[in-house]
Amino acid sequence: MDYNKLAELLFGHIDKEPEYYETLYPKRNLPEGAKVTRIGPSPTGFVHLGNLYNAIIGERLAHQSGGVFYLRIEDTDAKREVEGAVELLLSAMDYFGIRFDEGATLDGDNGAYGPYYQRQRKEIYQCFAKELVRRGLAYPCFCSEERLFAMREEQMAGKDNFGYYGKWALCRDLSLEEIEEKIKNGEEYVLRFRSFGDIDNTVELFDGIRGMLKLQENYQDFVLLKSDGIPTYHFAHVVDDHLMRTTHVVRGEEWLSTAPIHAQLFDTLGWQRPIYCHTTVLMKMDGETKRKLSKRKDPELGLNYYRQEGYVPEAVWEYLMTLLNSNYEEWRAENPDKEIGEFLFTTEKMGISGALFDMMKFDSVSQETLLRMPVSEIYDKMAAWLKEYDAEFYELFTRDRAFTERIIGVGRDGARPRKDLTNWKQARQFLSFYFDETFVKDDPYPENVSAEDRKEILNRYLATYDHNDDNSGWFEKIRTISAELNYAVKPKDYKKNPELFKGSITDVSNVIRVAVVGRCNSPDLWEICHIIGEDAMRNRVGKEL
RNA sequence: GGCUCCUUGGUCAAGUGGUUAAGACUCCGCCCUCUCACGGCGGCUACAGGGGUUCGAAUCCCCUAGGAGUCACCA
């Protein structure tokens, strides 16, 4: 068959030669060892943790080496495209501090290797498709969906391998005349790769994370161009990452099984293969078993979850880094004040078994992260979150900045800082009792204190209270009250001989605590009294009498 | 079903032929003049199973099991 004729028949409108694009997109002029990476999300309107996970890897690899990190929009599937998805993606990446050096933006392209929207690269792909046809390595396939479905059924029944290959590849050996005829009749077709791979061969592939891999060679005549002339992922990936001079392809494990397809394409086109870095899928615990995080079941897979819950982006970074590089946690413990960018990230230190997203651990990491944050910054970020998600509390929160910073700072400045603040959503829960407007009685009084004793405790507390007492002077008075009413001054004494006392000083303190704070658990009571002021304190206790 | 990847405590994990098999999170106990939190100390819990190779194996090889991914004109 005359392949040149076929190429002209299929791609008569393509007048560029491959060399044209090779010179249009020359090798990047970068220092030795600089890495070029990218993310290539589909604009489906859902930005998930995996996107960020891979973005962080790509960003680190590029920026640590003086290379380039870019964004390419993989919009080859018009059916799944959602309006506003690119905007959403850009905003999410920006929120999490992912900076692109070039690539797609809302206004179009930024960089010399564009277009960065795949649909706009149609002619480029077709140029290389034409070249493959010329070389006899690609052919049009007119098989209908029904025929493909029937083929699959038959393969399943006969326990054959699925797919379009060998004797199943009906269109592989169509003559030029047959092809001309079908096209003239307006039959739709896709362009398939004429694979020369052998099902029994293995192909070696180097993976930056996993090392040398032995995979089954591709023997399938996979689709290069869909019937609308738009490439499949496989073809687009190979053409784009070659022309955009990507050195490291970071992508999810789900691509591992099709990597031989990509290797075969790179090889036959005579291009150097990038270094693939196949990352693990993110898992979570579901009852007794691990499973992949699912978009439908797991809200924490969506990136906006963290924003809504008020987790800071830094914490998400910190946590993902601990998952990504096993030595990160150690580094962070030794360098609590350094910027995350100073850590040397390596693909070799990445784990290869499915990492489980552990909310408990994430919370702990978030706490550590917030602990390193100055109070004024916490104030700003908490305020910004409240403004968006809790307008009522936002009003109180921002009424007096000095006051609010003081209550945020309770227990943070001393030798033993509080570490229980995890996210901004906790603001109300942690701080509401400092404001009369949001003060409520959440907890009941201790059960083992009679109503009579309760009154007595509160009365004596008010009678002996002196706002000028220091913390220990203040506590001494509570001890006195406890002793007078026969509550053990030392909790241990009560534990040892419960029959000798009505309770312990813990109960007495908690009566006062519930009256003043409304709960059994709170930071230091003396400090709270001094923050809300004597009048407010007396007022609250008085209402309980 | 084919192909492939993965498998150290509840979880994340160090570990590359000789270790008392680190560390972190969780949980439990004790201590820190009251609760909470923080901190300190201590504890529970692991090399998936079976065969080899070797003086010696978590580490190398094989088999089995389990988990995961993929087998689209989706990415």
Side-chain angles (χ1 to χ4, degrees), chain A residues 40-42 44 74-77 79-80 141 143 145 148-149 152 155-156 159-164 188-192 199 202 207 210 213-216 220 222-228 230-234 236-237 251-260 278 280-281 283-285 288-292 319 322-323 326-327 329-330 333 349 351-365 367 371 410-412 414-421 430 443 446 472 475-476 478-479 482 489-491 504-510 512-514 517 519-525:
Chain A
S42 305
T44 58
E74 311 215 331
D75 57 356
T76 52
D77 186 13
K79 291 188 294 292
R80 294 202 310 163
C141 166
C143 290
E145 251 181 80
L148 260 16
F149 184 77
R152 198 188 150 84
Q155 287 169 337
M156 252 195 268
K159 299 200 170 174
D160 281 308
N161 286 313
F162 306 148
Y164 205 86
E188 288 212 323
Y189 64 91
V190 299
L191 192 75
R192 286 186 186 273
I199 190 166
T202 55
D207 186 289
R210 294 157 194 260
L213 260 22
K214 280 191 195 343
L215 303 171
Q216 187 182 40
Q220 299 256 356
F222 59 90
V223 175
L224 294 167
L225 254 30
K226 301 187 256 186
S227 57
D228 56 1
I230 300 287
T232 56
Y233 170 85
H234 308 303
H237 149 56
R251 46 144 68 153
E253 188 181 342
E254 66 269 24
W255 293 110
L256 201 56
S257 56
T258 45
H278 290 101
T280 58
V281 288
M283 317 276 282
K284 86 172 264 177
M285 217 55 206
E288 294 290 288
T289 51
K290 269 186 183 185
R291 55 149 239 267
K292 194 180 169 184
Y319 181 61
T322 66
L323 286 187
S326 48
N327 51 335
E329 251 184 306
E330 196 184 335
K349 275 285 177 188
I352 39 182
S353 56
L356 200 147
F357 192 88
D358 184 349
M359 256 308 170
M360 297 276 216
K361 176 90 179 186
F362 175 58
D363 279 346
S364 168
V365 170
Q367 288 166 354
L371 204 56
V410 168
R412 289 191 113 250
R416 292 177 173 178
R418 292 188 72 86
K419 212 184 92 173
D420 48 348
L421 182 64
F430 275 36
D443 292 334
S472 54
F475 191 61
E476 194 51 45
I478 293 179
R479 282 179 154 158
S482 300
V489 173
K490 289 183 177 172
S504 77
I505 192 165
T506 305
D507 301 310
V508 176
S509 307
N510 272 339
I512 301 168
R513 192 182 309 280
V514 170
V517 186
R519 328 177 169 172
C520 298
N521 301 329
S522 81
D524 189 78
L525 236 189

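Each chain gets a letter, A, B and so on, in the order the sequences are listed, and its residues count up from 1.
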Query raised in the report: Partner of U45(B) by Watson-Crick or G-U wobble geometry, both contacts under 3.5 Å, or none?
Result: none
Report summary line: Contacts of Ser227(A) and Glu330(A) projected onto RNA chain B by closest heavy atom; the upstream (5') one is Glu330(A)
Requested in this report: Answer with base, sugar-phosphate or nothing: what part of the nucleic acid does Thr258(A) contact at a heavy-atom distance below 4.0 Å?
Outcome: nothing
Query raised in the report: When you compare U16(B) with C25(B), how far apart are their P atoms, in angstrom units rounded to a whole number?
Result: 24 Å
Query - Thr232(A) side chain near C74(B) phosphate (N/O to OP1/OP2, under 4.0 Å) - result: no
Requested in this report: Establish whether the base of U33(B) is bridged to the side chain of Arg479(A) by a donor-acceptor pair shorter than 3.5 Å.
Outcome: yes
Query - Distance below 4.0 Å between Arg152(A) side-chain N/O and C71(B) OP1 or OP2 - result: no
Query - Nucleotide nearest Lys79(A) (side chain, heavy atoms from C-beta), chosen from C74(B), A75(B), C5(B) - result: C74(B)
Query raised in the report: Strictly by modelled atom types, are Arg80(A) and Thr44(A) linked by a side-chain donor-acceptor pair under 3.5 Å?
Result: no
Query raised in the report: Who does U16(B) pair with, Watson-Crick or G-U, both distances under 3.5 Å?
Result: none
Requested in this report: For Cys520(A) and for Leu213(A), locate the closest nucleotide of RNA chain B by heavy-atom distance; then report the residue assigned to the nucleotide nearer the 5' terminus.
Outcome: Leu213(A)
Requested in this report: Rounded to the nearest angstrom, tell me the gap between atom CG in Asp507(A) and atom P in C36(B).
Outcome: 12 Å
Query raised in the report: When we call it a touch if two heavy atoms are under 4.0 Å apart, what does Ser504(A) touch: a base, just sugar-phosphate, or nothing?
Result: nothing
Requested in this report: Establish, with yes or no, whether the OP1 or OP2 oxygen of U4(B) is under 4.0 angstrom from a side-chain nitrogen or oxygen of Arg210(A).
Outcome: no
Report task. Check every atom of G2(B), C71(B), U4(B) against the side chain of Phe162(A) and return the nucleotide holding the closest atom. Result -> C71(B)
Query raised in the report: Taking the same atom, C1', in G67(B) and in G49(B), what whole-Å distance lies between them?
Result: 15 Å
Requested in this report: Measure up the Trp255(A) and Tyr233(A) rings against each other and bin them: parallel (under 30°), tilted (30 to 60°), perpendicular (over 60°).
Outcome: parallel
Report task. Heavy atoms only: give me the nearest Cys141(A)-Arg192(A) pair and the separation to one decimal. Result -> SG-NE, 3.3 Å
Query raised in the report: In whole Å, what separates the P atom of C5(B) from that of C62(B)?
Result: 11 Å
Query raised in the report: Is there a donor-acceptor contact under 3.5 Å from the side chain of Tyr319(A) to the main chain of Asp358(A)?
Result: yes
Report task. Taking only the side-chain nitrogens and oxygens of Lys226(A), find out if one of them lies under 4.0 Å from OP1 or OP2 of A72(B). Result -> no
Query - U11(B) to G1(B) separation - P atoms, rounded to the nearest Å - result: 27 Å
Query raised in the report: Contact class for Arg251(A) vs. all strands (heavy atom < 4.0 Å): base, sugar-phosphate, or nothing?
Result: nothing
Requested in this report: Using a heavy-atom cut-off of under 4.0 Å over every strand shown, decide if Lys214(A) touches base, sugar-phosphate, or nothing.
Outcome: sugar-phosphate
Requested in this report: Between A68(B), C25(B), A75(B), spot the one nearest the side chain of Trp255(A), thanks.
Outcome: A75(B)
Report task. Would you mind reading off the distance between Phe430(A) atom CZ and C38(B) atom P, rounded to a whole angstrom? Result -> 9 Å
Query raised in the report: Hey, is the side chain of Lys419(A) poking within less than 4.0 Å of OP1 or OP2 on G39(B), counting only N and O atoms?
Result: yes
Report task. Please determine, for the side chain of Asp358(A), which listed nucleotide (U11(B), G69(B), C73(B)) has the closest atom? Result -> U11(B)
Query raised in the report: Quick one: which of U70(B), A75(B), C5(B) gets closest to the side chain of Ser257(A)?
Result: U70(B)
Query - Nearest-nucleotide pick for Arg80(A), side chain only, options being C74(B), C3(B), A24(B) - result: C74(B)
Query raised in the report: Just by modelled atom types, is the Tyr164(A) backbone N or O under 3.5 Å from a matching donor or acceptor in the Gln220(A) side chain?
Result: yes
Query raised in the report: Taking atom P of U26(B) as reference, at what distance in whole Å does atom CG of Asp363(A) sit?
Result: 9 Å
Report task. Take atom C1' in G56(B) and the same atom in C63(B), then report the distance between them in whole Å. Result -> 23 Å
Query raised in the report: Paired with G66(B): which nucleotide, if any, by Watson-Crick or G-U wobble criteria at under 3.5 Å for both distances?
Result: C6(B)
Query raised in the report: Under 4.0 angstrom, heavy atoms only, what part of the nucleic acid is Val190(A) near: base, sugar-phosphate, or nothing?
Result: base
Requested in this report: Measure from the side-chain heavy atoms of Leu148(A) and tell me the nearest of C12(B), C73(B), C74(B).
Outcome: C73(B)
Query raised in the report: Say you pick atom C1' in G9(B) and the same atom in G23(B); how far apart are they, in whole Å?
Result: 13 Å
Report task. Mind checking Phe475(A) for me? I need base, sugar-phosphate or nothing, with any heavy atom below 4.0 Å counting as a touch. Result -> base
Query raised in the report: With both distances under 3.5 angstrom, what nucleotide forms a Watson-Crick or G-U wobble pair with U54(B)?
Result: none
Report summary line: Ranking C34(B), C25(B), G2(B) by distance to the side chain of Lys361(A), first place goes to C25(B)
Query raised in the report: Counting side-chain heavy atoms from C-beta on, which of A75(B), C5(B), C34(B) comes nearest to Asp524(A)?
Result: C34(B)
Query raised in the report: Taking a pair as Watson-Crick or G-U wobble with both distances under 3.5 Å, which nucleotide is matched to G1(B)?
Result: C71(B)
Report task. Tell me what Asp160(A) touches on the nucleic acid: a base, only sugar-phosphate, or nothing, going by heavy atoms under 4.0 Å. Result -> nothing
Query raised in the report: Per the atom types in the model, does the base of C34(B) pair as donor or acceptor with the side chain of Arg513(A) at under 3.5 Å?
Result: yes
Query raised in the report: If you measure from the C1' atom in G15(B) to the same atom in C74(B), how many Å do you get, rounded?
Result: 40 Å
Query - Interatomic distance at P, G29(B) relative to C38(B), whole Å - result: 15 Å
